[in-house]
Each structure stands twice: as structure tokens, then as C-alpha cells.
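Accompanying notes for the structure given below.
All figures in this text were calculated on a predicted structure; none of them were measured in a lab.
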Amino acid sequence: MLFRSTAGRVLIAPGDHHLRFRGSLTRTVPPVATLDQGTPENYCRPAVDVMFRSVVETWGGNVLAVVLTGMGSDGASGSAGIVAAGGSALVQDEATSVVWGMPRAVVDAGVPAQVLPLDRIGPAIVERVRQGRHHPFAPREAALA
């Protein structure tokens, strides 16, 4: 399946399918989202690490990773890749997580991430979009994609 990337649209990977993005950093090729049944990663399909890697390949460091409650370590290596590319990361705190596995894995991996309670995650995302690259936790190169 192929979906054109559209501002204001939220895509959620259905069960048993990885969600990947591809396109061009020069914007000559509009980004698209694809679904596939590639090999499970971190015992998961969909796996957020798969998606995060494709996001870096498509948008470079102009990205904000957000990791919420969940079991396992999925998201840790992908968040590290986003931050290494110049992006930033937010993770849900332990107190408001049902299971602090995925967010903890990001923190334990040494990824510089802002740790926030669930009710502050949405406002933090909005603030980053408003502030763009001028926000202290925003990507270095440009406003969020």
C-alpha cells in the first residue's frame, strides 16, 4: 500500500504491518508512506524502530521522536538514530506510563530525550512545531516535518 504524505494526517500502522516512509529531502519526490510485512523487529510488527529509521532516511534530522508507554525496547535504537541525525526525542515518564518499558529503553540507551508526563507530551509537541528550530529541543536544521 502507498499513501501520499499530507499535512495534518495521522497514520497508524495496522497490526502485522510495518509503516515506512520514503521520499526526497529535496522535496522533488513527495514523501509517501508504505505498509509491508517485513521481518519482525524487536519481536514486533509493526516496529517503531523500522519506522523511525525510514523517517531519518526521508527527512534527516528534521524530526521529533515521541515514545509512549509500551513493553520492550522498541523505539530505543530508532530514537538514537533520530537524535544522531540532529532530531530530538520526547518520552513519557514512568509515573504516567502503564508500562515503562519502551520509554525506559530510550532513557537507558543514553538518548538525550525530554521525559514528560503524558499530559505534557501533546503541549510539548505543539510547542516544538510553533518554535521550529529555535526551540532548545527541536531539530537543528529546520522546523519539524
Indicate yes or no for a side-chain donor-acceptor contact from Asp74 to the backbone of Asn42 under 3.5 Å, with no hydrogens or angles considered. no
Just so I know, are the side chains of Leu19 and Pro46 near enough to count as touching, which here means a heavy-atom distance under 4.5 Å? no
I'd like to check Leu64 versus Ile125 (side-chain heavy atoms, cut-off strictly below 4.5 Å). Are they in contact? yes
Do Pro14 and Leu35 have side chains that approach each other closer than 4.5 Å (heavy atoms only, starting at C-beta)? yes
Provide the closest heavy-atom pair for Ser79 versus Val67 in the form atom of the first, atom of the second, distance. OG-CG2, 3.6 Å
Any Phe21 side-chain heavy atom under 4.5 Å of Leu11 side chain: yes
Once you round to the nearest 0.5 Å, how far does OG of Ser77 lie from CD of Glu41? 6.0 Å
Can you name the one residue among Arg45, Arg20, His18, His17 that meets side-chain hydrogen bond (donor to acceptor under 3.5 Å, both in side chains) with Asp36? Arg20
Any sub-3.5 Å donor-acceptor pair from Thr69's side-chain atoms to Val99's backbone N or O? yes
Is it true that Val50 and Val55 fall in one hydrophobic cluster, defined by side-chain heavy atoms closer than 4.5 Å? no
Just how far is it from atom CZ of Arg53 to atom OG1 of Thr58, taken to the nearest 0.5 Å? 12.5 Å
Using the test salt bridge (Lys or Arg N to Asp or Glu O under 4.0 Å), find all partners of Asp108 that sit at least two apart in sequence or belong to another chain. Arg104
Nearest heavy-atom pair of Val56 and Ala85: which atoms, and what distance? CG1-CB, 3.8 Å
Exercise: identify the closest heavy-atom pair between Gly60 and Val63: O-CG2, 3.6 Å
For residues Leu90 and Ala124, report the shortest heavy-atom separation together with the two atoms involved. CD1-CB, 3.9 Å
Smallest separation among heavy atoms of Gly72 and Ala105, with atom names: O-CB, 4.2 Å
Please report the shortest heavy-atom distance between Trp100 and Glu94, naming the atom on each side. NE1-N, 3.2 Å
Residues Glu127, Arg120: salt bridge by 4.0 Å N-O rule: no
Contact between Val83 and Pro112 at the side-chain level, heavy atoms closer than 4.5 Å - yes or no? yes
With a 4.5 Å cut-off on side-chain heavy-atom distances among I, L, V, M, F, W and Y, is there a chain of contacts connecting Val98 to Met71? yes
Expected output: side-chain Gln114 to main-chain Val91 donor-acceptor under 3.5 Å: no
Look only at the side chain of Gln92 and the backbone of Thr96, and say whether a donor-acceptor pair between them is shorter than 3.5 Å. yes
